[in-house]
Amino acid sequence: FAGDELVAEGWNHVVKSGMVLLAERIEKGNSVVLPNEYRLGDSAALTTDEMTGLQGSQIASLDASLTRDSNVLKWSGSFTYQEQTPKDCREIGLFQKSESGGTMLTRFLPQQLFKLTQGTPVRIYWEITIGE
């Protein structure tokens with residue numbers, strides 16, 4: 001959402017490093033931190049299994065709060081874009097934030113780009129269903 005307008009809805013692509021991260025969480029439990037940061041970028045390159053990060057320049061980031069409902073992991077986050085220069089958003093990634101850059105779990109390409117302008121409130125909701 002940008003303000004009250006739904007900008008994009010669709011399927012995300014869990015990448016190979018994300019599958020490994022989920023498997024580690026299942027094997028090792030809570031010692032493996034699940035993703036906690038959204039990163040927005042400006043590339044519309046198709047997502048491949050081997051990707052480990054955004055394909056363009058990062059234009060914004062925000063914290064992602066995680067909840068769980070049975071086998072569904074749900075992330076949400078919101079922020080207001082503060083930069084003076086408008087930016088086109090063409091990709092969003094969900095990352096396990098760390099000092100070394102973090103691990104990308106999944107990446108989403110909005111069907112249409114949307115422009116972030118100063119003062120635009122943005123909300124992101126993300127769900128991943130495990131085992132279905």
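A donor-acceptor pair is defined here as one N or O able to donate and one able to accept, closer than 3.5 Å; no such pair exists between the side chain of T129 and the backbone of V72. A donor-acceptor distance shorter than 3.5 angstrom exists from the side chain of D42 to the backbone of S57, with no hydrogens or angles considered. A distance-only check finds no donor-acceptor pair linking the side chain of S17 to the backbone of T52 [under 3.5 Å]. The backbone N or O of C89 sits nowhere less than 3.5 Å from a side-chain atom of E91 that would complete a donor-acceptor pair.
Between R25 and E27 no salt bridge is recorded (no basic side-chain N to carboxylate O distance below 4.0 Å). Salt-bridge formation is not detected for the pair K16/D49: no Lys NZ or Arg NE/NH1/NH2 atom is positioned less than 4.0 Å from an Asp or Glu carboxylate oxygen.
Rounded to the nearest 0.5 Å, atoms CD1 (I92) and CD1 (I59) are 8.5 Å apart. Note that the CG atom of L46 and the NE2 atom of H13 stand 10.0 Å from one another [nearest 0.5 Å]. Rounding to the nearest 0.5 Å gives a distance of 10.5 Å between OG1 of T106 and CE of M19. Here the CD-CZ distance, from E37 to F95, works out to 7.5 Å after rounding to the nearest 0.5 Å.
In the hydrophobic cluster analysis, where Ile, Leu, Val, Met, Phe, Trp and Tyr join through side-chain heavy atoms closer than 4.5 angstrom, L21 is grouped apart from L73. I128 and M104 end up in different hydrophobic clusters when Ile, Leu, Val, Met, Phe, Trp and Tyr side chains are linked at under 4.5 Å. Hydrophobic cluster membership differs between L109 and L94, with clusters built from Ile, Leu, Val, Met, Phe, Trp and Tyr side chains linked at under 4.5 angstrom.
Shortest non-hydrogen contact noted between K115 and D88 is NZ-OD1, 2.8 Å. The shortest non-hydrogen separation linking F108 to W126 is CB-CH2, 3.7 Å. The shortest heavy-atom contact between R107 and A44 is NH2-C, 4.5 Å. Smallest separation of non-hydrogen atoms from V33 and Q96: O-NE2, 2.5 Å. In terms of heavy atoms, L105 sits closest to G18 at CD1-O, 3.4 Å. The minimum heavy-atom distance linking A45 with M51 is given by the pair O-CE, 4.5 Å.
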| query | Passes side chain to side chain contact (heavy atoms under 4.5 Å, CB included), F79 versus R123? Steps please. | reply | CA-CA 7 Å; F79 78 112; R123 291 175 291 154; over 6 Å; no

| task | In sequence, state the C-alpha distance, the side-chain angles, and the governing distance for L34 and L22, and then conclude on side chain to side chain contact (heavy atoms under 4.5 Å, CB included). | result | CA-CA 8 Å; L34 287 174; L22 290 174; 4.0 Å; yes

| query | Given Y38 and W75, is the ring pair (Phe, Tyr, Trp, His ring centres under 6.0 Å) satisfied, shown in steps? | reply | CA-CA 9 Å; Y38 293 114; W75 287 267; 8.1 Å; no

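Residues passing the side-chain contact (heavy atoms from CB on, under 4.5 Å) test with T80, sequence neighbours excluded: Q82, P121.
In summary, the side chains of S43 and R90 do not present any donor paired with an acceptor at a separation below 3.5 Å, with no hydrogens or angles considered.
Contact annotation: the side chain of L40 approaches that of I124 to within less than 4.5 Å [non-hydrogen atoms, C-beta and beyond].
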Check residues 62-70 and write down every donor-acceptor pair under 3.5 Å in which the side-chain atom is one partner and the other belongs to a residue at least two apart or another chain.
unit_1, atom_1, unit_2, atom_2, d
D63, OD1, K97, NZ, 3.0
R68, NE, S70, O, 2.7
R68, NH2, S70, O, 3.4

